[in-house]
Amino acid sequence: MTILGIDVGGSGIKGALVNVETGEMLTKRFRLPTPKPRTPEAMSDVIAEIVEHFDYKGKVGCGFPTIIKKGICKSPGNLDPSWLGVNVEELLEKKTGLDFTVINDADAAGYATMNYGIGKGKQGLVVMITIGTGLGSGAFFNGKLIPNFELGQIPYKKYKKIELWAAGSAKDREDLSYAKWGKRFNTFLRYVELIISPDLIILGGGASKDFDQFKNKIKIETPVIAAELRNHAGIIGAAAATLHKAPKV
Ligand code: BGC
């Protein structure tokens with residue numbers, strides 16, 4: 001079955017058609033920049049443009065960079081505060097006339113990795129960390145998603161949340177080398193290890209493709225590997241999430 005998967009990020013919104021049986025991407029990724037400010041009106045227009053680009057009519061799966069419960073944004077993360085309380089599924093359904101399943105973006109990326117990628121069959125507590133505008137986390141226990149883990153929200157020194165200091169966007173903003181930023185990321189992983197004792201950490205998002213450049217800075221006990229689906233995991237997992245949408249009541 002072919003499903004349109006959309007991965008909404010703080011800097012780009014990306015889509016592709018996905019074969020949800022195999023987890024393969026069937027088209028090239030189409031990306032548009034995330035508008036600023038990142039408001040519901042402006043962002044939903046861009047999401048609708050992505051749907052139009054594919055001239056697509058079926059169900060759509062969407063990974064969204066905030067806490068999402070039953071389609072509703074429960075904390076706006078790095079987006080405009082006006083997202084708080086918005087029913088994202090309903091908004092996108094109104095905009096496009098299509099049936100949307102919306103889940104947290106890191107949960108979506110983890111979902112792809114655990115079902116079609118390097119995490120397949122991995123038992124225990126596996127955490128997917130996505131490195132981008134924020135630090136996303138998708139947690140799986142014996143392969144089952146525990147939704148909306150928000151490990152990037154741990155307060156750190158003067159920062160309200162550690163992602164402001166250790167995400168990919170901090171590396172870009174402060175023009176840090178991988179060696180410098182890698183140390184920060186290791187500090188973040190040390191907290192993750194201390195708080196939840198995972199069995200495996202899988203890295204995704206933009207910086208994961210450069211894992212070789214900061215691998216030597218990662219000094220925690222938990223094994224850390226990079227997802228081979230890399231930046232595509234968010235799109236693939238979002239598409240796959242449509243298979244598990246609870247019926248509307
Ligand atoms: C949000 C998370 C999201 C992550 C990655 C954070 O700011 O709180 O929900 O998964 O960014 O986009």
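For ligands, and for the atoms within them, numbers begin at 1 and follow the listed sequence.
Among protein residues, P65, T66, I67, G77, N78, N104, D105, G134, L135, G136, E150, Q153, E163 come within 4.0 Å of ligand 1, judged on heavy atoms.
A salt bridge between E163 and R184 is absent, with no side-chain N of the basic residue lying under 4.0 Å from a carboxylate O of the acidic one.
With hydrogens and angles ignored, the 3.5 Å screen pairs a side-chain donor or acceptor of W181 with a backbone N or O of A167. Counting only distance, with no hydrogens or angles, the side chain of R38 and the backbone of N78 share a donor-acceptor pair below 3.5 Å.
Ring geometry, H53 versus F30: the interplanar angle falls under 30°, so the pair is classed parallel (tilted spans 30 to 60°). Between Y159 and Y156, the ring planes lie parallel to each other; the angle is under 30°, not in the 30° to 60° tilted range.
A side-chain hydrogen bond (donor to acceptor under 3.5 Å, both in side chains) check over residues 196-214, counting only residues at least two apart or in different chains, returns the pairs Y178-D210, D212-K215.
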